[in-house]
Trainee: 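Below you'll find the structure I mean.
Keep in mind the model is a prediction, meaning the values are calculated, not measured. We use all heavy atoms of the structure for the numbers below, so side chains are in, but hydrogens, waters and symmetry mates are not.
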Amino acid sequence: MEVPGASLPSSARPDVSEVPVQAIWKGSVSFGLVTIPVKVYAATQEKDVAFRQVHAADGGRIRYRRICEVDGEEVAYSDIAKGFELPDGEMAILTADDMADLPLPTRHVVEVLEFVPAEEIDPIYVSRSYYLQADGPAAKPYVLLRDALRRTGQTALVKVALRNREALAMLRPKGDVLVLQTMLWPDEVRDASFAAPASEVEVRPQEVAMAESYIQTLETSFDPDRYHDEYRAALEVVLEAKATGHEVEAPATAAPAKGEVVDLMAALQASVDEARRQRGESAGGGVGRAAGAAKSAKKAPAKKAAAKKTATKKAAAKKTTTKKAAKKPAAKTAKTPARKSA
């Protein structure tokens with residue numbers, strides 16, 4: 001039975017990768033006295049399953065109309081402007097022409113401000129990513145900037161205006177291309193202090209050692225191809241079943257854990273064992289090693305102090321022996337009588 005409003009099965013949907021990529025911005029990178037004409041392309045695309053809002057009873061589409069609250073008439077999209085409400089309730093209206101005339105020097109220029117080490121930029125500031133393509137005869141300065149950034153390990157901090165909004169961004173090499181990543185302004189990142197745990201919360205050295213053991217068990221190099229959107233895949237299975245009239249079999253899921261974890265070490269040990277089991281390694285021994293590491297770390301200062309004390313005692317004993325030797329009278333030497341000459 002066909003369900004009204006259901007999407008096509010995943011096998012029948014067109015591949016989004018076949019859609020030609022369109023440049024969203026055209027301008028140049030201002031690199032000192034060097035100008036590099038470029039085109040900007042979106043580097044990412046969301047692949048969420050698209051839904052329509054429908055009437056549950058008959059599948060009829062639910063549509064929205066743009067109605068003006070003053071005259072009650074429907075407004076064409078071309079007649080919609082941007083409005084900013086003033087403190088006195090009046091509305092300041094900005095048309096498309098007003099937005100186009102904003103005095104933005106970065107409207108068609110990626111202005112390089114400075115160069116900073118990439119590791120100094122917190123990922124929380126990154127917003128969107130774009131690929132830059134050399135436009136026209138700009139291939140040589142493009143490659144020059146790309147290779148210089150790669151060899152110095154620096155990231156260019158830039159300003160650029162995309163979609164009528166100026167943004168802070170960073171310019172860095174990725175393979176053979178330059179990537180422009182827009183960033184949030186500092187006042188757009190919220191203060192995180194409210195989310196920090198209370199300062200009196202403490203963990204034992206054994207617990208930290210076990211957590212480190214778990215981290216080391218899963219430590220690897222980053223490969224994005226290992227990860228998949230299981231939620232979207234499951235959703236496509238449901239849609240295909242709906243479209244073909246089949247029932248969807250729900251997979252068996254583990255029951256959620258109930259209650260509060262009392263023994264943190266036991267939970268960590270179980271996590272380490274499970275990670276090793278999935279990798280085909282033998283489990284166990286994590287607690288002993290973690291506890292041994294913490295115990296050794298705890299005893300290290302004591303051993304050091306004991307060694308120091310022993311060395312001090314030996315030095316004192318040596319000093320006393322030397323002092324006694326200095327006070328001991330020298331042995332008497334037998335005098336040999338002078339030999340008279342004939």
Side-chain angles (χ1 to χ4, degrees), residues 1-26 39-102 104 107 126-131 160-167 180-185 188 190 227-251 253:
M1 179 184 69
E2 185 176 353
V3 179
S7 299
L8 291 173
S10 56
S11 57
R13 286 199 300 273
D15 185 0
V16 293
S17 62
E18 298 175 359
V19 180
V21 182
Q22 300 291 331
I24 66 167
W25 188 87
K26 186 176 180 179
K39 293 179 180 179
V40 176
Y41 298 85
T44 61
Q45 60 180 348
E46 295 183 358
K47 293 189 176 182
D48 290 342
V49 176
F51 287 102
R52 305 287 189 183
Q53 287 193 323
V54 298
H55 187 194
D58 53 22
R61 289 279 301 276
I62 306 297
R63 298 184 182 273
Y64 292 93
R65 300 171 61 197
R66 296 175 290 272
I67 305 298
C68 176
E69 64 179 17
V70 176
D71 57 20
E73 298 294 328
E74 185 171 359
V75 181
Y77 187 79
S78 59
D79 294 333
I80 295 178
K82 296 180 182 294
F84 180 79
E85 189 172 357
L86 301 174
D88 60 0
E90 290 293 322
M91 193 70 68
I93 300 175
L94 295 177
T95 64
D97 292 336
D98 293 328
M99 299 298 293
D101 293 337
L102 287 176
L104 285 176
R107 181 177 299 281
V126 179
S127 177
R128 290 180 177 271
S129 300
Y130 302 91
Y131 291 137
V160 61
L162 295 176
R163 306 184 191 278
N164 292 322
R165 185 176 182 229
E166 189 174 61
L180 178 74
Q181 292 181 285
T182 57
M183 302 167 62
L184 300 174
W185 293 102
E188 293 179 313
R190 292 176 176 168
Y227 313 105
H228 306 282
D229 187 350
E230 296 181 2
Y231 176 80
R232 178 162 57 95
L235 204 53
E236 290 176 352
V237 170
V238 172
L239 292 175
E240 187 168 0
K242 286 281 187 180
T244 56
H246 293 86
E247 291 293 332
V248 180
E249 295 184 5
T253 56

Trainee: Using side-chain heavy atoms (C-beta onward) and a distance below 4.5 Å, is Tyr130 in contact with Val160?
Mentor: no

Trainee: Once rounded to the nearest 0.5 Å, what's the spacing between atom CG of Leu235 and atom CD of Glu230?
Mentor: 13.5 Å

Trainee: Roughly how far apart are Gln22 CD and Lys39 NZ, rounded to 0.5 Å?
Mentor: 10.0 Å

Trainee: Hey, could you give me the NZ/CG distance between Lys82 and Leu94, rounded to the nearest 0.5 Å?
Mentor: 9.0 Å

Trainee: Can you tell me how far the CZ atom of Arg61 sits from the NE2 atom of His55, to the nearest 0.5 Å?
Mentor: 15.0 Å

Trainee: Should we count CD1 of Ile62 as having more than 12 external heavy atoms under 6.0 Å?
Mentor: yes

Trainee: Should we say atom CZ of Arg66 is surrounded by more than 12 heavy atoms from elsewhere, each under 6.0 Å from it?
Mentor: yes

Trainee: Quick one: salt bridge (charged side-chain N to carboxylate O under 4.0 Å, His left out) partners of Glu74, sequence neighbours excluded?
Mentor: Arg65

Trainee: State which residues pass side-chain hydrogen bond (donor to acceptor under 3.5 Å, both in side chains) with Ser127; sequence neighbours excluded, sorted by chain then number.
Mentor: none

Trainee: Evaluate the side-chain contact (heavy atoms from CB on, under 4.5 Å) criterion for residues Val21 and Tyr131: first the C-alpha distance (whole Å), next the side-chain angles of each, then the deciding distance (0.1 Å), finally the verdict.
Mentor: CA-CA 11 Å; Val21 182; Tyr131 291 137; over 6 Å; no

Trainee: Who passes salt bridge (charged side-chain N to carboxylate O under 4.0 Å, His left out) against Glu188, sequence neighbours left out?
Mentor: Arg165

Trainee: Applying the side-chain contact (heavy atoms from CB on, under 4.5 Å) criterion to Glu73, which one of Asp71, Val75, Val70 satisfies it?
Mentor: Asp71

Trainee: Is it the case that atom CZ in Phe84 sees more than 12 heavy atoms from other parts of the structure closer than 6.0 Å?
Mentor: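 Incorrect, the count does not exceed 12.
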
Trainee: Quick one: do Leu180 and Trp25 satisfy side-chain contact (heavy atoms from CB on, under 4.5 Å)? Show the steps, please.
Mentor: CA-CA 12 Å; Leu180 178 74; Trp25 188 87; over 6 Å; no

